[in-house]
Amino acid sequence: MGGMGSVYRARDLHFPNVTKLVAVKEMINMAPDPLVRRTIIQNFEREANLLATLNHPAIPRIYDYFSEEERSYLVLEFVHGKDLEAIINDTNGFLAEEQVLGWAIQLCDVLSFLHNHKPDPIIFRDMKPSNVMVNSNGDIILIDFGIAKTFQVGQKGTMIGTEGYSPPEQYRGEATPLADIYALGATLHHALTRRDPRLEPPFSFAERPLRRINSRVSPELETVINTALAYNPSERFPAAADMKEALLSAARKTGALSKIATTSITPAGGIKPVWSFKCEDEIRGTPLAHQGSIYIGCYDNNLYALNAADGKFQWKYAADGGIVSRPAVYEGNLYFGSEDRRLHVISTRTGKVVWTYYTEGPIRSSPRIAEGHIFIGSDDHHLHAVNLNTGRSVWTFESSEEIRSTPFVANELVYFGNEAGDFYAVDFRGGMKWRFQAKRAVTSSPILAGQSVFFTSVDSTLYCLDARNGWAIWRYRLGKGSVSSPAVADDLVFAGAADGFIYCVEARTGKEVWRFRTEHQVSSSPALYKDSVYCASVDGNLYCLEYRTGRQRWKFGTKAAITGSPIVFDDIVYIGSTDHQIYALLA
Amino acid sequence: MFDFFRKLFGGVPATSSAESVTTAPLSDQQIESIVRSQSPQYEMQQLVAASGQSVGKQREHNEDSLVAITATLAGKTANVPFGLYIVADGMGGHQFGEIASNAAIRVIAGQIMRKFHSYLFTLPTQQPEESLQEIMENAVKEAHRVIQKDAPGSGTTVTAALIVGQQVTIGHVGDSRAYCIYPAGRIEQITRDHSLVKRLEELGHLNKEEAANFPHRNVLIRALGQGDTLEVDIFTIPFPQNGMLLLCSDGLWGVVADHDLVRIVNDAPNAQRACQNLVNAANTAGGPDNISVILVQMVG
């Protein structure tokens with residue numbers, strides 16, 4: 001119950017030979033004024049007496065009540081089951097419409113019973129998921145009647161709570177059957193959308209249309225719930241019985257009541273690639289588009305140059321190791337690292353080598369070109385700053401572990417992470433400006449927006465740091481670790497994680513905006529183009545999502561896992577897959 | 001005769017000069033360099049803060065509380081400006097309002113300072129484990145628990161600004177406000193009032209005029225100490241460049257219009273005088289409620 005006491009599971013000793021479980025609810029009278037305390041106890045006893053007379057399968061039986069000093073106790077039927085809030089939280093994805101519909105009809109029944117009580121109607125006043133138990137038969141039981149409310153002292157005129165489920169008129173002190181109908185609508189909205197109204201602005205259901213959050217809800221059911229949630233009481237169902245009728249007719253139209261199995265709607269996905277090109281081994285790298293060509297590295301040790309328009313082979317260049325990174329381009333030359341420990345520089349025109357630069361370990365980081373230098377990390381633990389013209393090392397910065405993160409350059413600082421979980425900001429002379437410690441590897445590549453730097457870590461966190469001094473501004477918990485590099489647009493940050501979700505988080509607050517579930521881990525980094533976010537998953541699909549809502553626009557299945565990241569250029573998305581192919585798709 | 005006048009006025013009267021000179025507006029860069037040459041330069045970057053408070057003209061009790069902590073540590077190691085500023089406006093009748101607002105500022109400031117102690121005052125300095133937003137959120141939630149325990153039934157607004165370096169992390173519940181004031185005379189409210197009137201206005205049920213005359217203007221939909229679940233608005237913004245941060249209770253913003261706030265702040269020679277003048281302005285306008293104000297400036 002509401003913060004004022006506890007519920008105990010007790011054994012009734014009047015029945016020594018059977019285990020009869022009862023619930024004992026304890027309420028603590030905290031009012032300092034003795035007169036107020038007495039009034040509270042009187043109210044409690046009056047309501048307990050009233051409840052004891054009610055006989056309905058969805059209302060727990062009251063066996064006894066008593067008060068002792070500042071504590072009052074209610075002994076009532078013990079309900080085996082789970083409350084609806086726990087069910088919502090423990091369910092992966094959305095609850096099935098049929099299930100929620102069944103509960104909704106039962107809730108209308110019990111509300112109708114209460115509202116038609118003689119001589120006075122009983123208003124439940126506190127309809128919300130945590131007050132609805134679902135017992136072992138799958139039937140609902142209402143718990144925690146308004147009785148607890150009498151114990152909340154000092155609701156002064158200038159103060160009101162933050163219910164979330166209560167209708168606007170309840171804030172003016174009106175409690176009518178129509179208030180219970182609104183709260184039932186709010187409860188169903190929460191159950192179907194997983195959006196807790198206590199965490200949203202009051203009366204904002206209209207801003208969160210049911211079917212935009214959960215497209216599997218039928219329009220018929222949405223209409224019923226919207227009617228219950230009407231801002232104006234006179235526009236709601238006049239009685240719970242009418243709402244039940246509307247639910248039943250919605251169920252008949254959709255056939256929901258006869259359906260048991262959960263429906264799964266997956267569009268056939270008739271997406272055809274513009275072209276595809278097959279390499280000799282897995283592609284784990286990310287492509288680069290430049291002047292009509294696509295450049296991509298492959299596990300077959302080759303860097304391929306393809307015509308961006310039709311995917312026609314132009315040339316390939318063989319390194320001595322796999323290429324898992326993304327190439328960079330500068331003035332007619334292509335720069336990329338390979339597991340053969342070298343940074344290769346080749347001509348975009350001919351595919352012939354210009355120069356190479358050796359490090360002491362395989363290179364999995366992608367190069368960043370800025371201020372006449374190439375910055376690149378290596379498994380030799382060093383960040384290398386290489387002169388663009390001479391190909392000579394200008395300085396190296398030693399870190400404690402392998403650097404696979406791609407450096408980001410801004411504010412005259414180079415930002416990157418390493419496999420020990422250190423995150424560094426290094427100045428252009430190779431001096432450390434600041435360092436931040438994550439708990440596990442930072443393999444992802446940072447991105448800067450405003451004065452903040454964003455990156456993910458294998459420690460299951462998306463970090464936002466102050467780019468000037470490395471202070472953590474916020475941390476967002478991901479379900480599992482991540483190597484996916486964040487993308488930023490319009491105050492939103494996007495990243496994938498190994499729990500299979502693609503997340504969208506607000507840049508200013510670190511609060512989740514939406515998350516989208518794929519069927520396997522997401523190592524790929526999201527790419528943004530117009531109002532879509534493109535991201536691939538190890539489930540083999542490339543997803544195109546509406547970037548403000550996370551709604552799926554389309555997905556494209558390849559024949560094997562995708563660990564690389566898409567790029568979008570001139571309305572075409574390019575993605576490499578471990579099925580050895582690179583695909584070009586219409587964005 | 002003509003010669004005499006010529007002698008008298010010293011040369012040819014320059015009648016045409018006004019037309020031959022062309023004028024052009026100064027470029028933004030020129031203006032900026034003039035402004036810079038006129039405002040004093042500080043070598044060391046630091047926060048400067050001032051505050052003001054008054055019970056007002058119509059209340060007997062002061063139920064507002066405020067705290068302003070500015071720490072400047074300078075030396076060979078990098079100096080990061082640090083400041084913590086909180087305004088809380090308590091309510092709930094009896095003496096409970098002041099208990100709630102007092103608990104809010106002390107608990108929040110205590111929690112936050114404890115987490116920064118090892119960064120500010122021990123060697124080697126250590127950054128807190130939690131992020132700035134987590135530190136703020138946990139402190140506000142702790143204050144919520146303490147108020148529920150010590151002053152049940154009462155409540156308070158709270159608007160807290162934690163400044164570390166260039167970042168301002170705001171924790172906010174209720175209808176006290178934080179504003180950014182920019183040198184050009186622009187003012188921007190950066191917090192959102194958690195009041196019924198604001199909510200109804202956002203929903204389109206009240207227009208601006210109706211909202212101004214709404215009878216329940218003081219009804220809050222969120223307050224510290226109220227409700228089972230408390231949602232705190234937490235966000236981080238950069239400190240306004242060459243500007244100021246203003247925190248205040250509704251005793252100020254309820255009676256002094258935004259444009260007057262800017263004018264008073266920009267007309268004052270320094271932050272202390274600005275705060276005093278703001279309090280005076282609210283009292284001149286009737287002083288219907290307790291008034292609290294904090295003004296923070298980043299110099300250098």
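Order of the sequence lines fixes the chain letters, A, B, ..., with proteins taken first and strands second; residue numbering starts at 1 for each chain. These numbers were taken from a predicted model, which means no experiment stands behind them.
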J.: Calculate, to the nearest 0.5 Å, the distance between atoms CD and CZ belonging to B:Q127 and A:R435 respectively.
T.: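 Separation between the atoms: 10.5 Å.
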J.: Is the number of heavy atoms from other residues, nucleotides or ligands under 6.0 Å of B:E129 CD greater than 12?
T.: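 No, not enclosed.
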J.: If you round to the nearest 0.5 Å, how far is CD1 of B:I237 from CD1 of A:I473?
T.: 11.0 Å
J.: Starting at CD of A:Q451, measure out to OG1 of B:T236 and round the result to the nearest 0.5 Å.
T.: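 A:Q451 atom CD to B:T236 atom OG1 measures 11.0 Å (nearest 0.5 Å).
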J.: Heavy-atom pairs under 4.5 Å with chain B - which of A:R508, A:Q437, A:R468 has more of them than the others?
T.: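 Looking at each option in turn, the highest pair count goes to A:R508.
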J.: Give, as side chain, backbone, both or neither, the part of A:R475 having an atom under 4.5 angstrom from any heavy atom of chain B.
T.: both
J.: Do you know the tightest heavy-atom contact between B:S131 and A:W474?
T.: OG-CA, 3.3 Å
J.: Return the minimal non-hydrogen interatomic distance between B:V80 and A:N469, and the atom names on each side.
T.: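 In terms of heavy atoms, the two residues are closest at CG1-ND2, 4.3 Å.
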J.: Can you tell me which portion of B:Q167 sits under 4.5 Å from chain A's heavy atoms? Options are side chain, backbone, both or neither.
T.: both
J.: Take atom CZ in A:R208; do more than 12 heavy atoms of anything else shown fall under 6.0 Å from it?
T.: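 Correct, the count exceeds 12.
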J.: Which atoms of A:E506 come close to chain B, meaning under 4.5 Å heavy atom to heavy atom: side chain ones, backbone ones, both, or neither?
T.: neither
J.: For the CD atom on B:Q126, are there more than 12 heavy atoms of other groups (residues, nucleotides or ligands in this structure) within a distance under 6.0 Å?
T.: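 No, the 6.0 Å shell around CD holds no more than 12 heavy atoms from other groups.
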J.: Using a 6.0 Å cut-off, check whether atom NZ of A:K433 has over 12 heavy atoms from anything other than its own residue.
T.: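 Atom NZ in A:K433 is not packed in, count stays at 12 or less.
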J.: Nearest 0.5 Å, please: how far is NZ in A:K511 from CG in B:D233?
T.: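 If we round to the nearest 0.5 Å, B:D233:CG and A:K511:NZ are 7.0 Å apart.
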